[in-house]
J.: 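For reference, the structure I am asking about is given below.
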Amino acid sequence: MDLVALMLADSRFPGGGHVHSGGLEEAVARRLVVDEASLRSFLVGRLRTAGALAAVFAAAAAAQDGYAELDAELDARTPSPAQRAASRTQGRGIARAATRAWPSARLEGLLRATPRPHHPIVVGVLVADPFEAAQTVAYHAVTGPATGAIRLLGLDPFGVNAVLAGLAPEIDAVAGHARDHAGTPPADLPAPSAPGLDLLAEAHDRHHAEEVRLFAS
């Protein structure tokens with residue numbers, strides 16, 4: 001794995017996908033996730049759906065240069081406004097850091113095509129290898145919720161990291177499938193969906209907005 005991919009996977013990198021909990025807060029509030037076993041089930045489900053979608057587009061962005069079309073197709077495959085906004089916020093954060101760390105013609109081209117790109121598209125542009133780009137965003141799909149579970153449930157960090165380590169074969173499988181589609185035209189890329197995760201994300205976003213209004217009043 002090259003240095004760019006390693007730095008993007010690092011939780012200290014600004015704006016990385018590790019900051020997004022992917023519906024975990026709402027799942028905890030509804031007691032759908034209560035321990036390591038239920039967390040693992042949640043992570044596997046997220047990896048095989050939202051994670052797989054992100055991985056496919058990261059791999060394609062590493063191999064192709066139709067950034068505006070890729071970004072639009074990913075937008076169309078992300079029905080939750082909350083999920084779309086989170087992806088673009090993360091993408092913009094990474095892009096801002098990357099313009100200082102790794103300025104390049106490819107990154108400039110992406111930001112000309114779409115100033116607030118989706119997170120997987122930015123990762124794909126920065127990590128030139130399709131498999132490693134897909135692997136990075138697949139990893140992000142599970143590390144954010146895992147970190148959130150430690151904070152929200154007080155789970156043992158060693159146990160949670162053991163759960164993550166056990167997902168390595170699943171992450172590599174998702175990345176391998178994404179690599180196989182790296183050259184697929186954007187409109188024909190796979191579109192795995194996760195309606196349950198979308199509903200959790202929307203519920204969390206609504207509850208957060210209500211809390212802000214109550215606090216403001």
J.: Looking at every non-hydrogen atom in both residues, tell me the closest pair between Ala59 and Ala134 and how far apart they are.
T.: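 Closest pair (atom of Ala59, atom of Ala134, distance): CB-CB, 4.2 Å.
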J.: Hey, are the side chains of Asp71 and Arg88 touching, using non-hydrogen atoms and a 4.5 Å cut-off?
T.: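 Yes, close enough: below the 4.5 Å cut-off.
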J.: Are the side chains of Leu164 and Leu43 in touch, meaning some heavy atoms are under 4.5 Å apart?
T.: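 In short, these two side chains touch, coming nearer than 4.5 Å.
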J.: For the backbone of Pro103 and the side chain of Glu108, can you confirm whether one donor and one acceptor N or O come within less than 3.5 Å of each other?
T.: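 Answer holds: no.
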J.: Taking atom CZ as the centre, does Phe42 end up with more than 12 heavy-atom neighbours from other residues, nucleotides or ligands that are less than 6.0 angstrom away?
T.: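 Enclosed.
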J.: Going by the angle between their ring planes, with limits at 30° and 60°, are His140 and His119 parallel, tilted or perpendicular?
T.: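 The arrangement is tilted - the two ring planes meet at 30° to 60°.
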J.: Side chains of Leu24 and Arg46: closer than 4.5 Å at any heavy-atom pair?
T.: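 Sidechains of Arg46 and Leu24: no contact.
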J.: If only atom types and distance count, is the side chain of Glu132 paired as donor or acceptor with the main-chain N or O of Asp2 below 3.5 Å?
T.: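 Looks like yes, one N/O pair under 3.5 Å.
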J.: Nearest 0.5 Å, what's the CD1-CG distance between Ile150 and Asn161?
T.: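 Going from the CD1 atom of Ile150 to the CG atom of Asn161 covers 5.5 Å.
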J.: Write down the atom of Leu39, the atom of Pro145, and the distance for their closest heavy-atom approach.
T.: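 Taking every non-hydrogen atom into account, CD1-O, 4.3 Å.
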J.: Any side-chain heavy-atom pair from Tyr67 and Arg112 closer than 4.5 angstrom?
T.: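 No, every pair of side-chain atoms sits at 4.5 Å or beyond.
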J.: Where is the tightest heavy-atom contact between Leu110 and Ile121, given as atom of each residue plus distance?
T.: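 Closest heavy-atom pair between Leu110 and Ile121: CD1-CG2, 3.7 Å.
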J.: Quick check against the 3.5 Å criterion: does Arg92 have a side-chain atom that pairs as donor or acceptor with the backbone of Pro117?
T.: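 Checking the backbone N and O of Pro117 against the side chain of Arg92, no donor-acceptor pair under 3.5 Å is found.
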J.: Is any NZ, NE, NH1 or NH2 atom of the basic residue among Arg40 and Glu36 found under 4.0 Å from an Asp or Glu carboxylate oxygen of the other?
T.: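 Result for this pair is no, no salt bridge flagged.
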J.: Within the structure provided, determine whether Leu189 and Arg77 are in side-chain contact (heavy-atom separation under 4.5 Å).
T.: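 They are in side-chain contact.
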J.: So Thr99 and Leu111, do their side chains get closer than 4.5 Å, heavy atoms only?
T.: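 Yes; the side chains approach each other to less than 4.5 Å.
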J.: Considering non-hydrogen atoms only, spot the tightest contact between Leu53 and Pro192 and give its length.
T.: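 In this case the closest contact between Leu53 and Pro192 is N-CG, 3.7 Å.
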J.: State, yes or no, whether a side-chain contact exists between Pro120 and Leu74 at a heavy-atom distance under 4.5 Å.
T.: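 Counting from C-beta outward, Pro120 and Leu74 do come under 4.5 Å.
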J.: If every non-hydrogen atom of Val56 is compared with every non-hydrogen atom of Pro190, which pair is closest and at what distance?
T.: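 Here Val56 and Pro190 meet closest at CG1-CD, 3.7 Å.
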J.: Within the side chain of Ser87, is there an N or O that forms a donor-acceptor pair under 3.5 Å with the backbone of Gln83?
T.: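 It does not hold such a pair.
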J.: Determine yes or no for a side-chain-to-main-chain donor-acceptor pair under 3.5 angstrom, with Gln90 supplying the side chain and Ala86 the backbone.
T.: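 Judged by distance alone, yes, a pair lies under 3.5 Å.
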J.: With distance as the sole test, does Gln64 use its side chain to make a donor-acceptor pair with the main-chain N or O of Ala182 at under 3.5 Å?
T.: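 Yes, the answer is positive, given that a donor and an acceptor are paired below the 3.5 Å cut-off.
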J.: Supply the atom-to-atom distance Leu3 CG to Trp102 CH2, rounded to the nearest 0.5 angstrom.
T.: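 Reported to 0.5 Å precision, the distance equals 7.0 Å.
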J.: Evaluate the side-chain proximity of Arg151 to Glu25: yes if any heavy-atom separation is below 4.5 Å, no if none is.
T.: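 In short, these two side chains touch, coming nearer than 4.5 Å.
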J.: Of the non-hydrogen atoms in Ala138 and Val174, which two are nearest, and what is the gap between them?
T.: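 Closest approach of Ala138 to Val174, heavy atoms only: CB-CG1, 4.2 Å.
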